[in-house]
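Here's the structure we're looking at; comments come further down.
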Amino acid sequence: MASPVIPRVIIGVDLDYFYAQCEEVRNPSIRGKPVVICVYSGRTEESGAVSTSNYPARKLGVKSGIPIILAKRILANYPESVFLPIDLDYYRIVSDRIMEMIRPIGDKFEQASVDEAYLDVSLKSHGSFDGALDIASRIKQEILANEKMTCSVGIGQNKLMAKMAVDSKKPNGLTVIPPGQESLFLSQLPLGRLYGIGPKTEDKLRSIGISTIGELALADRENLSDLFGKKQGPMLKEMANGVDESLVVERPIEQMSRIVTLKHDALIYDFSEVLKPISIDLAEKLASSHLMCKSVSIIAITSDLKIRSRSKSLGEATKSADQIYTVAGELFSSFFKVQGDPKQNEPRLRRVGIKISDFVSVPPAKTETLEDFI
DNA sequence: AATACCGGCGAGT
DNA sequence: TCATACTCGCCGGTATT
């Protein structure tokens, strides 16, 4: 006997063009000008990629992921344009303040990323979408009043629909997808706009004759399972029907990673210079989160931009920068070993990094000592 | 048979 | 043309128990 599904009311919040808006708040004189947040790789003066940009910049074609050099060319005729280096620590502080502010507004809270959150307001809205609309307005007001920042908000009966509502009107949007309207709302959108369908998935779906969300909603489960796997396949169909049973839950940190771009692509490289500060960084982050890790991975991006990884699960949890560094070093050695003879056309390494995962929490009683970091 | 581990892929910010 | 730094989830294959 299936338990009856209790209707839910979910609010999704997305801070508009977050990094760039943080910079606008920090320095209001740049408001209205194209603002580009840059991740400089340090290879050459202008090498690197655009992390994000504000709407005036986007309108001119400067979007996430494009090379900085290209953004500068596009904005060459707009000398008022502002190019700023990314300042993740600052954005994190602003994000934390906002998240703590809105966390108590719902019954349940989930931070989905630095600039996104979901609130389950089923109880506080008394199950009413009109009630949820009032709560959503209040969220927008509070963020504006306290942080001078706009956000986009969406209301739906699950996280997926809340997210689709948020995405449908940005920036400064407030959108409701009333219960029962899910399929109608989704059917008006192109396939690639469904959350979770990127270019690869869209291509694959088109190859089997599915080119609209409406068609996906009616697709054959077996067919989708064969193509996308037995979990992801059926889920695609569910999503196209506006169905999402996932709960709003506090999400523990599952992994931390640090990655850097090398000055020059390398075939074999002495990574100690690069790996040491990364290990210390990660160990500090572990300590401040009161965690230890049981897995260490290395990440390598080759010059052909493919991502490779090697990982090792530790017997015992660690919080030592030194051990993270040592294991990462071993993983890099084994990585190079299996690559075999350094052939002429062997892809070189462009970016290298470390990821730690499989966390266990440290009882907060014990105080950290200096040796723990070394 | 169930679980853990591993390396890769895709998506999103 | 040039192509960051993260985080999360899933997949299939293999190893372990």
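Reminder, nothing fancy here: chain letters follow the sequence lines and each chain counts from 1. Being a predicted model, the structure only gives us computed values, none of them experimental.
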Whole-Å gap separating C1' (C/dT4) and CD1 (A/I69): 15 Å

Applying a 4.0 Å non-hydrogen cut-off, can you work out what A/L305 is touching in the nucleic acid: base, sugar-phosphate, or nothing? base

Listed partners of A/F271 passing ring-ring contact (aromatic ring centres under 6.0 Å, His included), at least two apart: A/Y269, A/F332, A/F336

The criterion is side-chain hydrogen bond (donor to acceptor under 3.5 Å, both in side chains); which residues satisfy it with A/S53, sequence neighbours excluded? none

Any N/O donor-acceptor pair, A/R73 side-chain to C/dT1 base, under 3.5 Å: yes

Please work out if A/S47 contacts a base, only the sugar-phosphate, or nothing of the nucleic acid, heavy-atom cut-off 4.0 Å. sugar-phosphate

Test your reading of the model: is there a side-chain donor-acceptor pair from A/S122 to the backbone of A/R8, 3.5 Å cut-off? no

Rounded interatomic separation in angstrom, taking OH from A/Y40 and P from C/dA3: 13 Å

Heavy atoms under 4.0 Å, any strand shown: does A/S311 hit a base, just sugar-phosphate, or nothing? sugar-phosphate

What integer distance in Å separates A/D265:CG from C/dC2:P? 14 Å

Using the test side-chain hydrogen bond (donor to acceptor under 3.5 Å, both in side chains), find all partners of A/E215 that sit at least two apart in sequence or belong to another chain. A/S211

Rounded to the nearest Å, what distance is computed from the CG atom of residue A/D358 to the C1' atom of nucleotide B/dC5? 9 Å

Only counting residues at least two apart or in another chain, list the ones meeting side-chain hydrogen bond (donor to acceptor under 3.5 Å, both in side chains) with A/Q157. A/E182

Please report the distance, rounded to the nearest Å, between CD1 in A/I278 and P in C/dC6. 8 Å

When every nucleotide of nucleotides 7-17 of chain C is labelled 5' to 3' by its protein contacts under 4.0 Å (heavy atoms), B for base, S for sugar-phosphate only, - for none, what sequence of letters results? BBSSSS-----

Could you tell me whether A/G65 contacts a base, only the sugar-phosphate backbone, or nothing, with contacts defined as non-hydrogen atoms closer than 4.0 Å? base

Both distances under 3.5 Å, Watson-Crick or G-U wobble: on that basis, could you give the dot-bracket string for DNA chain C, with [ ] for crossing pairs and | for other-strand partners? ....|||||||||||||

Look at A/S295 and B/dC5 and indicate whether a side-chain polar atom (N or O) is within less than 4.0 Å of OP1 or OP2. no

In whole angstrom, what separates A/I74's CD1 from C/dA3's C1'? 14 Å

Scan the side chains in residues 224-232 of chain A for donor-acceptor partners under 3.5 Å anywhere in the protein, sequence neighbours excluded, and list what turns up.
from: A/S225; atom 1: OG; to: A/R221; atom 2: O; distance (Å): 3.2

Is A/S41 near enough to C/dA3 that one of its side-chain N or O atoms lies under 4.0 angstrom from OP1 or OP2? no

Could you tell me the separation between the CD1 atom of A/I356 and the C1' atom of C/dC6, rounded to a whole number of Å? 13 Å

Could you list the residues that satisfy ring-ring contact (aromatic ring centres under 6.0 Å, His included) with A/Y118, not counting sequence neighbours? none

What is the per-nucleotide protein-contact pattern of nucleotides 8-13 of chain B, from the 5' end, where B denotes a base atom under 4.0 Å from a protein heavy atom, S denotes such proximity for sugar-phosphate atoms only, and - denotes neither? S-SSSS

Do A/D358 and A/S295 pass the side chain to side chain donor-acceptor pair (under 3.5 Å) test, and can you show the C-alpha distance, the side-chain angles, and the key distance before you say yes or no? CA-CA 6 Å; A/D358 287 343; A/S295 292; 2.5 Å; yes

Can you find a side chain N or O atom of A/R43 that sits less than 4.0 Å from OP1 or OP2 on C/dT4? no

So salt bridge (Lys or Arg N to Asp or Glu O under 4.0 Å) across residues 69-78 of chain A, not counting sequence neighbours, yields A/E46-A/K72

Starting at CD of A/E46 and ending at P of C/dC2, how long is that distance when rounded to a whole Å? 13 Å

Students often mix this up, so state it plainly: with edges at 30° and 60°, are the rings of A/Y55 and A/Y17 parallel, tilted or perpendicular? perpendicular

Side chain to side chain donor-acceptor pair (under 3.5 Å) contacts touching residues 97-109 of chain A (sequence neighbours left out): A/R97-A/E147, A/E100-A/R103, A/R103-A/E250

Under the rule for salt bridge (charged side-chain N to carboxylate O under 4.0 Å, His left out), what residues qualify as partners of A/R138, not counting sequence neighbours? none

